[in-house]
Amino acid sequence: MKIAVLTSPNQWFIDYAKELINSLDNCDLFFDHKEIKNSYQIVFILSYHKIIEENYLKLHKHNIVVHASALPKGKGWSPMFWQILEGKNEVPFTMFEASCGVDEGNIYMQKVLKLDGTELNPLLRHKQAQLVNSMCKEFVLNYEKYKIPTPQTGKESFYKKRTPLNSQLDINKTIDEQFNLLRVVHNEEYPAFFYKNGKKYILKIEVTQLSHINPNSF
């Protein structure tokens, strides 16, 4: 079984993509769909940000995407982060066949990522990638079970694209009220910020263990 993993260059998922290809036999890694010249039985399209034309999809038997929502609900961008902002600690993930439409392909499997409500962006991404990779490996190992997908059913909904402006805090709300926003911001790429007296202030957040804090240092 020839397998490929397709992901975007210079972004957070690359190390996880390398872990995935190392865990699968006869698996290659690509950063641009136009670089894939040969036909593959499975191409896992994971955290990839380009539109793939139909003629490239037709090269392969399966073109598989994993999306962090219970499709057809939650199509679009940053679905895991939007659901965390909604207060959810159980985020569904859907593995489906890619098509020329937006997240509209037939479904192979659905799993749920359970969170404890304390994870910040790096750990959220880590848990997301672990689940995505485990779903891909499960698909390969149980191919006969999953090889025939089922159509999406139900009413669809869409999430809009998040931008750095979505990291703005409201100085009139408490930290507790905005904690889920602080969980999804990225300290370097899209940090939390607020405006006060005509100036912009940036906040960075990280987790520390209380047991490591010396009370005498205050």
Visitor: Do you know the tightest heavy-atom contact between Pro79 and Gly76?
Guide: CD-O, 4.1 Å

Visitor: Whether the side chain of His49 engages the backbone of Pro9 through a donor-acceptor N/O pair (distance < 3.5 Å, no angle test) should be reported.
Guide: no

Visitor: When you check the side-chain N and O atoms of Tyr146 and Glu138, is any donor under 3.5 Å from an acceptor?
Guide: yes

Visitor: Kindly state each residue pair satisfying salt bridge (charged side-chain N to carboxylate O under 4.0 Å, His left out) with at least one member in residues 145-154, sequence neighbours excluded.
Guide: Glu144-Lys147

Visitor: Run the salt bridge (Lys or Arg N to Asp or Glu O under 4.0 Å) test against Lys204 and tell me which residues pass, sequence neighbours left out.
Guide: Glu188

Visitor: Identify the two heavy atoms, one from Ser23 and one from Lys137, that lie closest to each other, and give their separation to 0.1 Å.
Guide: OG-CD, 3.3 Å

Visitor: Could you point out which residue of Phe44, Phe96, Phe139 forms a ring-ring contact (aromatic ring centres under 6.0 Å, His included) with Tyr108?
Guide: Phe139

Visitor: According to side chain to side chain contact (heavy atoms under 4.5 Å, CB included), who are the partners of Val185, at least two apart in sequence or on a separate chain?
Guide: Ser167, Leu181, Ala192, Ile205

Visitor: Quick one: does Asn133's side chain have a donor or acceptor within less than 3.5 Å of a partner on Tyr16's backbone?
Guide: yes

Visitor: So does Trp12 have more than 12 non-hydrogen atoms from other groups sitting under 6.0 Å from CH2?
Guide: yes

Visitor: When you check the side-chain N and O atoms of Tyr40 and Asn63, is any donor under 3.5 Å from an acceptor?
Guide: no

Visitor: Can you run down the salt bridge (charged side-chain N to carboxylate O under 4.0 Å, His left out) pairs that involve residues 189-203, sequence neighbours left out, and say none if there aren't any?
Guide: none

Visitor: Say whether Gln11 and Thr7, considering side chains only, have a donor N or O and an acceptor N or O under 3.5 Å apart.
Guide: yes

Visitor: More than 12 non-hydrogen atoms from neighbouring residues, nucleotides or ligands closer than 6.0 Å to CG on Leu141, yes or no?
Guide: yes

Visitor: Can you name the residues that form a side chain to side chain contact (heavy atoms under 4.5 Å, CB included) with Gln110, not counting sequence neighbours?
Guide: Ala70, Thr94, Ile107

Visitor: For Glu86, give me all partners under salt bridge (Lys or Arg N to Asp or Glu O under 4.0 Å), at least two apart in sequence or on another chain.
Guide: Lys88

Visitor: Please enumerate all residues that pass salt bridge (Lys or Arg N to Asp or Glu O under 4.0 Å) together with Lys61, with sequence neighbours excluded.
Guide: none

Visitor: Please find the pair of heavy atoms, one from Leu182 and one from Leu120, that lie closest to each other, and give the distance.
Guide: O-CD2, 4.2 Å

Visitor: Quick test of your reading: applying salt bridge (charged side-chain N to carboxylate O under 4.0 Å, His left out), list the pairs with at least one residue in residues 27-56, sequence neighbours left out, ordered by first then second residue.
Guide: Asp32-Lys50, Glu54-Lys58

Visitor: Determine the sole option in Ile36, Val65, Leu6 for which the side chain to side chain contact (heavy atoms under 4.5 Å, CB included) test with Ile52 is passed.
Guide: Leu6

Visitor: State which residues pass salt bridge (Lys or Arg N to Asp or Glu O under 4.0 Å) with Glu156; sequence neighbours excluded, sorted by chain then number.
Guide: Lys75

Visitor: Apply side-chain hydrogen bond (donor to acceptor under 3.5 Å, both in side chains) to Gln128 and list each qualifying residue two or more places apart in sequence or on a separate chain.
Guide: Arg125

Visitor: Is it the case that the side chain of Glu90 and the backbone of Leu115 share a donor-acceptor pair, with hydrogens and angles ignored and the cut-off at 3.5 Å?
Guide: no

Visitor: What do you reckon, is NZ of Lys73 surrounded by more than 12 foreign heavy atoms closer than 6.0 Å?
Guide: no

Visitor: Are there more than 12 heavy atoms of other residues, nucleotides or ligands under 6.0 Å from atom CD1 of Ile148?
Guide: no

Visitor: Are there over 12 heavy-atom neighbours, none belonging to Ile175, within less than 6.0 Å of that residue's CD1?
Guide: no

Visitor: Tell me the salt bridge (charged side-chain N to carboxylate O under 4.0 Å, His left out) pairs involving residues 165-187, sequence neighbours left out?
Guide: Glu119-Arg183

Visitor: Answer yes or no for Arg162 and Trp77: cation-pi contact, defined as NZ/CZ to six-membered ring centre under 6.0 Å and angle to ring axis within 45°.
Guide: no

Visitor: If you apply the rule ring-ring contact (aromatic ring centres under 6.0 Å, His included), what do you find for Tyr143 with His62, and how did you get there?
Guide: CA-CA 11 Å; Tyr143 178 72; His62 301 285; 5.4 Å; yes

Visitor: Nearest heavy-atom pair of Val91 and Ala68: which atoms, and what distance?
Guide: CG1-O, 3.9 Å

Visitor: Please check if the number of heavy atoms outside Asp25 that lie under 6.0 Å from its CG is greater than 12.
Guide: no

Visitor: Could you tell me which residues satisfy ring-ring contact (aromatic ring centres under 6.0 Å, His included) with Phe193, sequence neighbours excluded, listed by chain and number?
Guide: Tyr195

Visitor: Is it the case that one hydrophobic cluster holds both Phe13 and Val184, taking links as side-chain heavy atoms less than 4.5 Å apart, direct or via other members?
Guide: yes

